[in-house]
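Source: prediction; values computed, not measured. Count residues from 1 along the sequence.
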Amino acid sequence: MPLVFTQNEANLSEYEYADVLGESYEYPSRYRNLIQPGEQFIYYRGRRRAAGRSQTPVYFGTGIVGEITSYGDRYRCTILQYQPFETPVEFKDGVSYREPAANSHGSVGFFFQNGVRSIDQDSFDAICQIGLPKVSTIGGFAYPDAATAREVDELAMSLAIEHARRKYPGAHIERMPHNNPGFDIRVSQGNNTIRFIEVKGTRSPEPKFFISAGEVEFARTHSDKYSIWIFYSASAAEMRAEVVEHDGALSDLVFDLHPVQYAGKFKRIT
């Protein structure tokens with residue numbers, strides 16, 4: 001799940017890391033399990049005073065978590081593919097906060113005091129859609145605007161459900177909630193899960209996809225029941241796409257994986 005990084009403004013001692021905007025981010029140990037390599041994030045800057053005026057909190061850039069190192073009780077991650085927003089995005093959309101969890105929090109002030117926090121994918125995409133150009137590029141991969149991404153994802157999921165029903169007749173095909181960790185479709189018979197299916201969709205003519213470190217780890221730990229289906233050359237207008245399938249862990253023999261989110265490309269089509 002994407003993250004929100006609050007821009008640090010504290011004065012750090014010479015023995016502690018200092019943030020370098022767009023290059024590295026420092027954080028205390030309480031966030032060590034939340035921040036993982038390959039996760040997307042957006043920068044957040046809270047309310048501050050400048051030239052005697054109070055400035056509205058904004059989101060102002062996005063990137064991907066890279067390598068993580070530690071020093072004492074503090075951690076530091078490098079930042080990959082940083083993209084500053086063309087225009088900062090205010091933290092409210094009218095009367096509602098752009099982070100939905102803030103709208104239902106008992107104390108909004110305490111919510112925004114969390115220096116690092118999770119944000120759902122749809123809200124992350126909506127903020128990036130405002131702050132970034134229509135199409136951005138990450139590591140040579142096209143990163144579409146949120147509306148296009150949702151359209152392609154929905155097409156891939158629809159095609160995957162149909163494909164699963166044909167491939168596993170008589171089995172229960174269950175579509176998981178959006179952002180379910182590790183897989184999108186569960187195939188079961190009775191109380192037994194027989195297949196976890198991760199679904200990827202892209203308009204690219206090649207089976208390229210983004211995948212997080214957590215998804216790669218899930219594939220490894222559930223390799224006996226794991227499949228990834230990549231729907232490429234996707235056309236929402238024609239409701240069609242080509243598909244390649246792989247069962248098992250995402251090994252180097254089959255995939256080129258690079259820590260961008262990870263960016264992957266299927267090596268061969270059979």
Side-chain angles (χ1 to χ4, degrees), residues 1-9 19-25 34-35 38-50 53-66 77 79-105 108-109 111-157 177-179 200-204 208-212 234 236 260-261 263:
M1 182 175 289
L3 302 169
V4 177
F5 284 177
T6 300
Q7 183 182 17
N8 290 334
E9 299 180 81
D19 290 348
V20 180
L21 184 64
E23 295 184 14
S24 65
Y25 185 76
L34 185 61
I35 300 175
E39 297 292 354
Q40 299 169 301
F41 75 90
I42 47 176
Y43 270 129
Y44 168 82
R45 182 169 59 237
R47 193 177 301 277
R48 60 170 63 176
R49 288 191 171 274
R53 298 178 60 187
S54 178
Q55 296 183 340
T56 301
V58 294
Y59 306 97
F60 61 92
T62 183
I64 294 171
V65 177
C77 67
I79 291 172
L80 307 176
Q81 304 297 327
Y82 175 58
Q83 298 180 82
F85 288 169
E86 290 187 347
T87 302
V89 179
E90 292 192 8
F91 77 141
K92 278 188 172 183
D93 180 11
V95 297
S96 298
Y97 296 102
R98 296 190 189 275
E99 293 179 63
N103 294 305
S104 57
H105 200 275
V108 174
F111 175 84
F112 284 102
Q113 283 181 8
N114 290 318
V116 179
R117 49 192 183 268
S118 298
I119 183 172
D120 66 280
Q121 189 71 52
D122 287 344
S123 299
F124 173 88
D125 289 343
I127 293 170
C128 288
Q129 184 179 13
I130 298 170
L132 292 173
K134 276 291 183 182
V135 177
S136 300
T137 300
I138 299 179
F141 283 59
Y143 186 78
D145 63 273
T148 300
R150 283 195 296 269
E151 186 178 68
V152 172
D153 286 347
E154 188 58 37
L155 172 62
M157 282 300 303
H178 186 60
N179 286 330
K200 299 296 183 183
T202 178
R203 294 184 300 173
S204 169
K208 297 180 177 182
F209 56 93
F210 287 114
I211 191 165
S212 71
V260 177
Q261 216 184 105

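There is a side-chain donor-acceptor pair under 3.5 Å between S123 and D120.
With hydrogens and angles ignored, the 3.5 Å screen pairs a side-chain donor or acceptor of R98 with a backbone N or O of E90. Of the possible polar contacts, one joining the Y43 side chain to the G22 backbone as a donor-acceptor pair under 3.5 Å is found.
Residues C128 and I42 have side chains in contact (heavy-atom distance under 4.5 Å, counting atoms from C-beta outward). Inter-residue side-chain proximity for R117 and T6 is flagged as met; some heavy-atom pair is nearer than 4.5 Å. With a 4.5 Å cut-off on side-chain heavy atoms, F60 and V89 do not count as touching.
Of all non-hydrogen atoms in V152 and A234, the two that sit nearest each other are CG1-CB, 4.3 Å. Nearest heavy-atom pair across C77 and V65 is CB-CG1, 3.9 Å. Closest approach of L21 and Q7 over heavy atoms only: CD1-NE2, 4.5 Å. The two residues A101 and F111 come nearest to each other via the heavy atoms CB-CE1, 3.6 Å.
If you look at F112 and Y97, their ring centroids are closer than 6.0 Å. The aromatic ring centres of F41 and Y25 sit 6.0 Å or more apart. Checked against the 6.0 Å centroid threshold, F91 and Y59 do not count as a close aromatic pair.
Between I35 atom CD1 and L3 atom CG the span is 6.5 Å, to the nearest 0.5 Å. For the atom pair CD1 (I119) and CE (M1), the distance works out to 9.5 Å, reported to the nearest 0.5 Å. The line from OG of S118 to CZ of F124 is 12.0 Å long, rounded to the nearest 0.5 Å. Distance check, rounded to the nearest 0.5 Å: CG of L132 to CD1 of I127 gives 11.0 Å. Residue E39 holds its CD atom at 10.0 Å from CD1 of I64, rounded to the nearest 0.5 Å. Going from atom CD1 of I211 over to atom NZ of K200 covers 5.0 Å, rounded to the nearest 0.5 Å.
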